[in-house]
Number of protein chains: 2
Amino acid sequence: MSPARTDHDARRHDVSEAVWRVLAEHGFAGLTLRAVAGAMGASTGLVTHYFGGKRELVAHALDILETRTQRRPRLKAPAPGLAALRTHVLNILPLTPEGMATNRVWVCSWDIALSDPVLFAAQTSRYERIRADLRAAIDDARRLGELVTGADADDLAATTLSFTHGLVVQALFAPETFPPARLTRLADDFLAATFGGSCPGSAPGHEPRSGQ
Amino acid sequence: MSPARTDHDARRHDVSEAVWRVLAEHGFAGLTLRAVAGAMGASTGLVTHYFGGKRELVAHALDILETRTQRRPRLKAPAPGLAALRTHVLNILPLTPEGMATNRVWVCSWDIALSDPVLFAAQTSRYERIRADLRAAIDDARRLGELVTGADADDLAATTLSFTHGLVVQALFAPETFPPARLTRLADDFLAATFGGSCPGSAPGHEPRSGQ
DNA sequence: GTACATACCGAACGTTTGTTATGTACTTCG
DNA sequence: CGAAGTACATAACAAACGTTCGGTATGTAC
């Protein structure tokens with residue numbers, strides 16, 4: 001009644017890994033069941049065995065995407081407030097090859113997400129969650145007295161996410177123009193101008209622009 | 001030797017219009033020759049008669065996209081410098097249904113553009129052109145003494161485009177959360193914080209945040 | 001050992017894709 | 001009025017797609 005000679009969840013994860021590899025290389029336009037099966041040296045029967053269909057496969061791939069972005073152990077927030085906000089931003093930016101792949105898939109997913117109602121809703125709520133995280137850090141910063149601006153926290157969160165994702169897109173299309181060092185500098189400049197005191201003399205000893 | 005009973009270019013434009021309609025509704029994933037033909041009440045033979053194939057069709061559609069974005073007569077720059085920069089940003093943002101459709105197609109095109117080398121290069125150069133335009137406005141602003149910050153003009157152009165396109169994506173996924181009024185306010189706040197004096201007392205009589 | 005459920009392959013199914021070929025209506029030229 | 005060439009519909013085509021299914025191997029349960 002319970003023959004479980006293989007770890008079901010582990011195998012499912014293997015399939016998702018293959019989905020990931022295909023997605024990072026050919027985008028959603030090149031995501032087919034056969035391509036996934038081929039990427040893991042298996043047959044399409046295996047893929048359909050663990051996933052009901054392509055729709056379910058895509059949905060799970062996007063879930064993995066979020067999980068990767070969140071659990072990526074790249075940076076830990078060194079302190080609450082502005083430092084945590086900066087960590088959030090840097091964790092999203094494509095600073096590593098893995099982050100590059102993640103963002104590539106993320107951007108590619110927008111095509112189908114905009115057309116499919118289910119994926120659209122999922123993506124929308126994902127954005128709300130990210131903005132909520134950013135907002136929490138911003139609220140902490142305000143509580144800590146780190147903020148100069150009096151702008152609305154929701155607006156600031158939206159603006160921060162705007163800058164971050166827009167920078168991601170540009171970096172994807174011109175990796176050599178936006179190396180990690182420049183991405184970090186742009187992010188720091190943005191954060192300084194938006195939150196910290198870019199005002200001369202308002203926050204001494206805190207250079208907003210590091211040398212080129 | 002020259003029977004031209006229909007305007008070839010006009011018909012080509014009609015096809016591109018149909019491409020546009022399909023793209024705005026179903027994204028690039030739903031762009032097929034039959035869908036295009038159906039959208040203009042014609043047959044696939046007509047489509048292939050005016051375009052060599054799908055590749056050519058997509059390329060032309062992306063050209064149209066750029067043309068629309070540039071020639072959109074929404075706003076004229078009232079003055080050089082910061083005002084022109086603001087106009088640039090507002091012209092990109094999805095402030096109208098048409099701008100919504102334009103940006104939707106734009107975002108959807110990233111999927112295939114990231115996988116296709118030719119489209120990738122085209123998209124990359126498109127971004128460089130936009131950044132060059134923004135940079136020109138920023139240089140003007142600096143020449144006019146409108147800039148408080150001393151940051152690099154290229155960095156500022158990249159940051160501005162980042163913010164703008166990231167905001168576009170968020171607005172596409174949550175139109176009711178980002179109505180035109182809020183988009184405009186966010187843009188003005190961003191520009192004020194990044195370029196103008198968000199420093200209290202540095203630019204009197206120029207409120208960076210308009211009331212909700 | 002027998003029964004049964006899972007894991008997976010391999011092939012087939014029908015549909016949809018891009019592309020190509022054929023045929024017809026029409027307009028212009030000589 | 002033919003001749004010729006364009007404009008377009010219609011249909012056929014192979015390839016690739018998502019999905020379904022029978023078959024086989026392998027494990028646990030009784």
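A, B, ... follow the sequence lines: proteins, then strands. Residue 1 opens every chain.
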Return all side-chain donor-acceptor pairs below 3.5 angstrom for residues 156-163 of chain B, not counting sequence neighbours, or 'none' if the list is empty.
from, atom 1, to, atom 2, distance (Å)
B:Thr159, OG1, B:Asp155, O, 2.9
B:Thr160, OG1, B:Leu156, O, 2.8
B:Ser162, OG, A:Leu167, N, 3.4
B:Ser162, OG, A:Gln170, NE2, 2.7
B:Ser162, OG, B:Ala158, O, 2.8

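- Atom CG of residue A:Leu114 and atom CG of residue A:Asp116 lie 10.5 Å apart, to the nearest 0.5 angstrom.
- Across all strands shown, the partner of D:dG23 is C:dC8, judged by Watson-Crick or G-U wobble contacts whose two distances both fall under 3.5 Å.
- Partners of B:Leu191 according to the side-chain contact (heavy atoms from CB on, under 4.5 Å) rule, which considers only residues two or more places apart in sequence or in another chain, are B:Leu85, B:Arg86, B:Phe195.
- Within 6.0 Å of the CZ atom in B:Arg129, the count of heavy atoms belonging to other residues, nucleotides or ligands exceeds 12.
- Scored by the side-chain contact (heavy atoms from CB on, under 4.5 Å) test, B:Ser109 finds B:Phe28, B:Leu62, B:Gln123 as partners (sequence neighbours excluded).
- Contacts between residues 41-55 of chain B and DNA chain C, defined by a heavy-atom separation below 4.0 Å, involve B:Thr48, B:Gly53, B:Lys54, listed by number.
- With A:Tyr50 as the fixed residue, the ring-ring contact (aromatic ring centres under 6.0 Å, His included) test singles out one of A:His60, A:His13, A:His8: A:His8.
- Of the residues in residues 9-38 of chain A, those placing a heavy atom less than 4.0 Å from an atom of DNA chain C are A:Arg11, in numerical order.
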With a cut-off of 3.5 Å and sequence neighbours excluded, list every side-chain donor-acceptor pair involving residues 134-144 of chain A.
from, atom 1, to, atom 2, distance (Å)
A:Arg135, NE, A:Asp139, OD2, 3.1
A:Arg135, NH1, A:Asp154, OD1, 3.0
A:Arg135, NH1, A:Asp154, OD2, 3.3
A:Arg135, NH2, A:Asp139, OD2, 3.4
A:Asp140, OD1, A:Arg143, NH1, 2.8
A:Arg142, NH1, A:Ala151, O, 3.4
A:Arg142, NH2, A:Thr149, O, 3.3
A:Arg142, NH2, A:Ala151, O, 2.9

message: Test ring-ring contact (aromatic ring centres under 6.0 Å, His included) on B:Tyr127 and B:His165; report intermediate values, then the result.
response: CA-CA 11 Å; B:Tyr127 273 120; B:His165 267 144; 5.4 Å; yes

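- In this structure, A:His8 does not reach the C:dT6 phosphate: none of its side-chain N or O atoms is under 4.0 Å from OP1 or OP2.
- Nucleotide C:dG18 holds its C1' atom 14 Å from the CD atom of B:Glu56, rounded to whole Å.
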